[in-house]
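A quick write-up on the structure given underneath.
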Amino acid sequence: MTQPLFEKVAFIGLGLIGSSLARVIQAEQLAHEVVASTRSQKTLEDAKALGLIAAGYSDPVEAVKDADLVVLALPVRATEYVLQQIKPYLKPDAILTDVGSTKGNVVDAAKAVFGEQLPAGFVPGHPIAGAEHTGVHAGKVDLFANHKVILTPLPTSADWAVNKLIQLWEAAKAEVICMDVDKHDEVLAHTSHLPHLMAFNLVEQLANREDNLDIFRYAAGGFRDFSRIAASDPQMWHDIFFANKKAILNAVDGFEQQLAILRQLIEQENSQALMGLLGHAQAARQHFNHMLAKKPLMENNKVTQQFTILPGSKNFQGKFTVPGDKSVSHRSIMFGAIAEGTTHVTGFLEGEDALATLQAFRDMGVSIEGPKNGEVTIHGVGMQGLKAPAGALYMGNSGTSMRLLSGMLSAQAFDSVMTGDASLSKRPMERIAKPLREMGAQIQTTGERGTPPVSITGSQQLKGIQYDLPMASAQVKSGILLAGLWAEGETAVTEPEPTRDHTERMLRAFGYEVKTEGNRISLQGGGKLVGTNIQVPSDISSAAFFMVGAAITENADVTLEAVGINPTRTGVIEILKQMGADITVSNERIAGGEPIADIRIQGSRTLKGIHIPEDQVPLAIDEFPALFIAAACAEGQTVLTGAAELRVKESDRIQVMADGLKTMGIDCTPTEDGIIIEGKGKAGDWSPVFTGGEIESHHDHRIAMSFSIAGLRNSEVIKIVGTETVATSFPTFTQLTAQAGLQIEVTE
Ligand code: NAP
């Protein structure tokens with residue numbers, strides 16, 4: 001047997017919390033001997049019968065003799081009295097800890113007994129776990145599992161004591177956090193004590209009304225949810241409210257101020273500000289979960305999902321609107337926020353990344369309504385109207401948000417910090433910080449190797465620069481141009497090859513002049529944006545799955561409405577046309593500065609294999625997985641070259657697609673920078689070209705959707721695993737395919 005952590009552990013108080021910890025110590029064999037002292041003999045007898053302690057004493061002095069760990073697990077108000085008694089009998093190197101819900105008063109009690117020089121082994125603690133019942137029988141061995149335990153080491157606390165307590169709590173499967181005593185009391189005052197106080201207060205307010213019976217009888221779910229914690233033990237909360245008086249009074253003051261604001265907005269019927277406030281609170285509630293998890297939505301969603309598609313011939317028909325373009329969704333919020341007047345956005349992609357941008361602007365005081373069914377209303381605050389956020393701005397997984405906002409924030413009158421999730425925290429930010437510094441910005445990438453967090457010192461007067469982009473990056477270009485809006489004189493960027501020009505187009509839609517002369521894009525600082533209506537185009541990358549689906553299915557007839565046809569993105573249309581697909585682009589128009597159109601595809605003739613022109617590759621880079629499915633259904637060979645970038649997308653899309661195609665009976669050869677696919681199609685023959693089988697999508701949404709589309713021409717069951725990521729870029733995918741005629745069974 002390995003040496004246990006402790007020789008002898010003494011509990012003073014052995015109720016819910018103490019006995020739960022005693023259960024862990026017994027289960028994990030963390031001590032040779034466990035003893036306790038409580039007020040009642042019965043508790044001690046019960047604890048012995050439960051096998052939790054070897055001996056029980058009514059006098060705490062007897063319990064602590066020779067103990068190397070003493071745990072105070074009793075009401076906080078009894079701390080000073082108990083310490084006074086046991087002080088002369090504590091071993092000099094004993095660890096002394098407690099589990100009380102407040103910490104400042106426990107430390108005060110210890111100081112009253114020991115003086116300023118507290119024992120080195122004294123480390124206060126607080127497990128953030130509980131249950132409705134108390135007492136020795138209520139304890140559970142797993143009470144602390146997956147909960148947090150806060151330790152509040154003091155300047156006098158020794159590292160050996162802290163480390164041993166961390167080991168103890170980790171053995172209870174808790175997550176240990178170390179925190180300053182005052183911080184602990186302040187945090188708990190806001191997150192636990194104030195909510196309890198409000199619950200008691202609300203129930204009291206209603207109970208005092210004459211019609212209280214009616215009110216309680218008809219109480220709706222909201223009241224029940226909110227008042228549940230008012231059923232807690234009054235003695236305990238009485239003690240906590242006094243014990244943490246200062247921090248709780250501060251929290252109550254903050255509550256009163258916020259309540260007064262809300263009251264005034266209702267009284268004045270200030271609809272815009274009220275919507276802004278409620279929307280901000282609602283989004284913050286959701287957003288905090290992600291911030292704490294430091295993961296994008298999709299990773300939080302740990303379930304692995306699977307698509308199953310049965311064989312048999314299918315129809316593929318209808319008119320559809322696929323989700324909005326992400327790049328345009330981001331910019332609609334950013335530009336709407338700094339515009340004068342109101343901007344109304346439709347078709348907004350409610351994905352994690354764009355929502356991070358939206359939250360950042362709410363945090364900077366912009367009133368934003370929605371998103372609801374893709375509609376967002378932004379009440380612009382003008383070029384000088386952004387306010388300092390209360391804390392760091394969390395950008396989730398979105399590189400676009402962080403790079404574009406770096407430019408905007410460099411020009412603001414306040415300091416700011418941007419953080420991101422684990423994956424964003426690895427991405428290079430110096431590429432945008434460097435040119436911004438040349439403009440006079442004070443911006444630091446504070447992670448290792450020029451990575452986030454990004455820290456910006458405000459109130460710098462920026463100067464326009466002429467910058468030659470060393471890499472083709474629309475994000476860096478956009479970040480510089482956005483800083484240029486506030487800079488003195490002209491800001492110009494020259495790009496090595498054309499990149500997506502959504503920023504330039506949308507700035508113009510907001511009435512800001514941007515010049516594009518060849519590869520040089522420039523603007524003058526000091527202008528203003530005027531609120532407008534933005535229709536976010538449907539994402540051509542999402543539309544591509546329906547385009548390919550229709551092109552490979554007999555008698556298919558699909559129309560995709562309001563799809564973005566920005567010339568930097570339309571390679572998929574050109575390539576499918578060259579393969580002989582029946583595509584018509586109609587109703588071309590401009591929305592929010594972006595060209596959009598309706599795209600109709602009919603399954604009227606068999607596609608033919610081609611050598612894909614390399615100049616189309618950058619214009620269709622995200623659409624190749626879908627195009628490979630088209631190539632497998634074509635007559636003859638399709639060859640792709642010059643597309644090495646596909647190997648470093650969300651997955652190695654060349655290898656993963658080749659593996660899946662082979663599983664489904666398609667002859668193909670992956671190459672370093674592309675693939676050769678032997679199409680199995682024959683002119684006029686619409687019978688299945690794919691067999692079936694189990695496909696591993698590697699959690700890559702585009703792989704999953706591409707093989708789903710292959711389910712229009714399969715002779716056996718197709719199973720695709722790891723499809724949960726589809727929801728992040730195309731939440732309505734299986735719903736729309738079902739409407740068109742392709743049933744996909746989703747299992748989790
Ligand atoms: P509990 O189940 O009521 O147990 C309290 C224990 O302390 C009992 O064993 C009791 O003895 C003993 N005790 C009470 N007054 C005493 C006194 N004056 N002198 C000596 N022993 C005394 O309470 P609990 O829920 O475990 O709470 C213990 C501590 O944990 C409190 O400080 C509380 O703030 C903290 N805490 C509680 C929760 C929670 O949700 N309950 C969560 C986190 C932290 P008898 O058995 O003889 O009555």
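Order of appearance sets the numbers: ligands from 1, and atoms from 1 within every ligand.
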Ion pair present between Lys103 and Asp98, side-chain N to carboxylate O less than 4.0 angstrom? yes

For residues 70-82, which side-chain donor-acceptor pairs fall under 3.5 Å, sequence neighbours excluded?
from, atom 1, to, atom 2, distance (Å)
Arg77, NH1, Asp239, OD2, 2.2
Thr79, OG1, Val76, O, 2.5

For a quick check under 3.5 Å, do Thr723 and Gln305 share a side-chain donor-acceptor pair by atom type? yes

Just wondering, more than 12 heavy atoms not from Lys91 lying within 6.0 Å of its NZ? yes

Contacts table for ligand 1: protein N or O within a distance under 3.5 Å of ligand N or O, distances only.
from, atom 1, to, atom 2, distance (Å)
ligand 1, 2 (O), Leu16, N, 2.8
ligand 1, 2 (O), Gly135, N, 2.7
ligand 1, 9 (O), Leu14, N, 2.9
ligand 1, 9 (O), Gly15, N, 3.4
ligand 1, 26 (O), Leu16, N, 3.2
ligand 1, 26 (O), Ile17, N, 2.9
ligand 1, 32 (O), Leu74, O, 2.8
ligand 1, 34 (O), Ser101, N, 3.4
ligand 1, 34 (O), Ser101, OG, 2.8
ligand 1, 46 (O), Thr43, OG1, 2.7
ligand 1, 47 (O), Arg39, N, 3.2
ligand 1, 47 (O), Ser40, N, 2.8
ligand 1, 47 (O), Ser40, OG, 3.3
ligand 1, 48 (O), Arg39, NH2, 2.8

For Ala161, check side-chain contact (heavy atoms from CB on, under 4.5 Å) against everything at least two apart and list the hits. Ile95, Val123

Quiz: residues 253-270 side-chain donor-acceptor pairs under 3.5 angstrom, not counting sequence neighbours:
from, atom 1, to, atom 2, distance (Å)
Arg263, NH1, Glu267, OE1, 3.4
Asn270, OD1, Ala273, N, 3.1

